[in-house]
Amino acid sequence: MRSVENILKSDVGYKSNPDLAKVIAVVSGKGGVGKSTITANLSLALAMSGQKVAVIDTDIGLRNLDILFGYSDKIYNNIIDVIEGTCTLNDALIQDKDFSNLVFLPASQIHDKSSLKSKGFTRIIDALKPEYNYIFLDVPAGIGQGLKNIIPVTESAIVVVTPDKASVLGADRITGILETNNIVVSDMIVNKFNIDLLNKGGCLSINEINEILGLNLLGIIPDDLSVLEAMNSGIPLVKKKNCPAGQAFVNISKRFLGKNAPILYLFRENILGRILGKLGF
Amino acid sequence: MYEDMAISLQKIRSGLYIILDDKIPFYNLKKEFFKKIKNMDSFIYHTNAVLNFGKREMRDADLKEFTEMIIENFKLNIIKIITKSPELKEIAKKRGFKSEDFLEKSETEFGDNIINEDTLWIRKAVRSGQLIEYRGNIVILSDVNVGARIIAGGNVLIMGTLRGDVWAGKDQGENSVVIASFFEPSQLRIFDTFLLKSDNIQKENDNIPRLAYLKNNAVFVTEYKEWSLRGK
């Protein structure tokens, strides 16, 4: 277990070579824990603070990161097209309409995981590295071909867990695989954390998760209905105001860059909202 | 030269085991004992001690003098006297000491098996799905998580939490042991025998290190108090 001082700071965002981008994979053992949500919002929060960020969806055949960003109708070329040479890398990159320092490389829906040839993929990463500060990879769940694709290009990884045993043990498995392949797995993000459920004893506490995984806690994202809403509307959480989950991502991005920020941002409604809520409005 | 080796000290389960040579004269024995123990006086204060006199014949007054000297000077707590002489046994009984012919086997059997050589050291946590197999002993300075598997030809020592599967003494290590700071294995096997776990027994979260050993075709778990850095 790490001391409190270490918890406040993170070294996952630290770059040994400032000229080249750091490649960070967002992984989890179990599916549905929120890898894509975290990739989208963390990269946007970093872009908001001025970092140049590239995001690559490596979930070939089952893409969904474009939905979270709201780019679904902008995809004309994708990563497989780039690898197969039918278009250039710049043709496939999608620039965010609010933050020009964020680009997104979508996945193909009609291919499968084995189409992501490691030679071509490495070439794409190498081309992006000098131009950006961070490259985020949205990795498919599980330990199959999808994980094997990203191992040669990744430097470090962020593990996403939800406070349930299946997800924590899955994260432990995937951490072991990445560590054997010399990928630094130092940080985890706890998603869908519900403090009411914890008080009832319905989910694992942060301490229990930390005891099993032994990773640095990068942040906690509260269980918030607006996450689902943001996904369906295509407007990422960090672009919204007064949203607790969105604020949690802004804090995570600060801690990612080595600044101090509180781990859990608990949103308190104002008095009027609480009274109206009690009256049933 | 010979008299230097007249007294030998060993660490056993219940405390300190003091073997006193039965061939040198009693006066020299006292002198040697003083010389040997004086260097470590406060370290051994209030330690339980077992004295082994071997075949030495002693008078009542000699025994009284010797034990009083030990208790007064070094504050040792004499719990047992080992002697082969029936007369000394009688005298010890009169003085209120327990006496026996041999040291019980259970006193030494754990310490003796842990051989220093041929050991694999692992510094990182062993995570789910990872297998570590080695013909000798395995020492893990971190945790063994659920779903991880450790297979050792000898003993296994885990400084962190043991939650995974462990198999110690794979080939012929009937005497192998498994020690862990936090002992919660999902599966534990020594040589050819599994640790049987009952569903009814409550989980013990007292944070005492535990030791598993094989005896009479069954695996037993005891508190490993020798390693009492955490204390109770």
Side-chain angles (χ1 to χ4, degrees), chain A residues 1-3 6 11 25 27-31 33 139 141-148 151 156-188 201 204-217, chain B residues 120-134 138-152 156-167 178-188 197 199 201-210 224 227 229-231:
Chain A
M1 261 229 246
R2 302 204 179 183
S3 68
N6 284 342
D11 54 355
V27 298
S28 83
K30 184 175 166 286
V33 294
V139 183
I143 53 171
Q145 185 66 39
L147 187 70
K148 281 183 192 126
I151 282 173
S156 63
I158 297 175
V159 176
V160 182
V161 294
T162 52
D164 63 271
K165 208 148 196 182
S167 125
V168 173
L169 297 185
D172 187 54
R173 176 86 173 99
I174 209 159
T175 309
I177 293 173
L178 293 177
E179 275 177 357
T180 7
N181 287 292
N182 295 325
I183 293 169
V184 184
V185 188
S186 57
D187 289 44
M188 65 167 175
L204 297 175
S205 72
I206 298 296
N207 255 348
E208 282 169 318
I209 297 171
N210 210 353
E211 252 172 41
I212 296 172
L213 290 178
L215 298 174
N216 183 17
L217 182 64
Chain B
L120 178 71
W121 291 76
I122 289 166
R123 286 161 187 85
K124 272 186 176 175
V126 187
R127 297 191 181 269
S128 178
Q130 292 181 328
L131 166 71
I132 287 174
E133 194 168 359
Y134 193 64
I138 296 180
V139 176
I140 292 155
L141 304 177
S142 188
D143 296 348
V144 176
N145 285 352
V146 181
R149 174 165 273 220
I150 310 290
I151 300 178
V156 178
L157 165 64
I158 294 151
M159 301 292 279
T161 313
L162 166 60
R163 293 197 190 88
D165 305 349
V166 178
W167 184 2
V178 177
I179 306 172
S181 289
F182 301 91
F183 195 87
E184 304 158 15
S186 49
Q187 191 192 92
L188 191 142
K197 292 201 289 185
D199 292 342
I201 295 174
Q202 277 194 330
K203 241 188 183 175
E204 290 147 339
N205 287 325
D206 48 9
N207 295 349
I208 294 178
R210 284 192 159 72
Y224 190 55
W227 190 13
L229 290 173
R230 235 184 315 269

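Here is how names work: the chains are called A, B, and so on, in the same order as the sequence lines, proteins then strands, and each is numbered from 1.
- For the residue pair A/Thr180 and B/Gln130, the shortest heavy atom distance occurs at OG1-NE2, 3.9 Å.
- Residues B/Arg127 and A/Leu215 approach most closely at NH2-CD2, 3.9 Å, considering heavy atoms.
- Contact of A/Leu213 with chain B is made through backbone and side chain together, with heavy-atom distances under 4.5 Å.
- Heavy-atom pairs under 4.5 Å with chain B were tallied for A/Thr175, A/Leu169, A/Ile174; the largest tally goes to A/Thr175.
- Nearest heavy-atom pair, A/Asp172 versus B/Ser128, reported as atom, atom and distance to 0.1 Å: OD2-N, 2.7 Å.
- B/Asp143 is not listed as a side-chain neighbour of A/Glu211, based on a closest heavy-atom distance of 4.5 Å or more.
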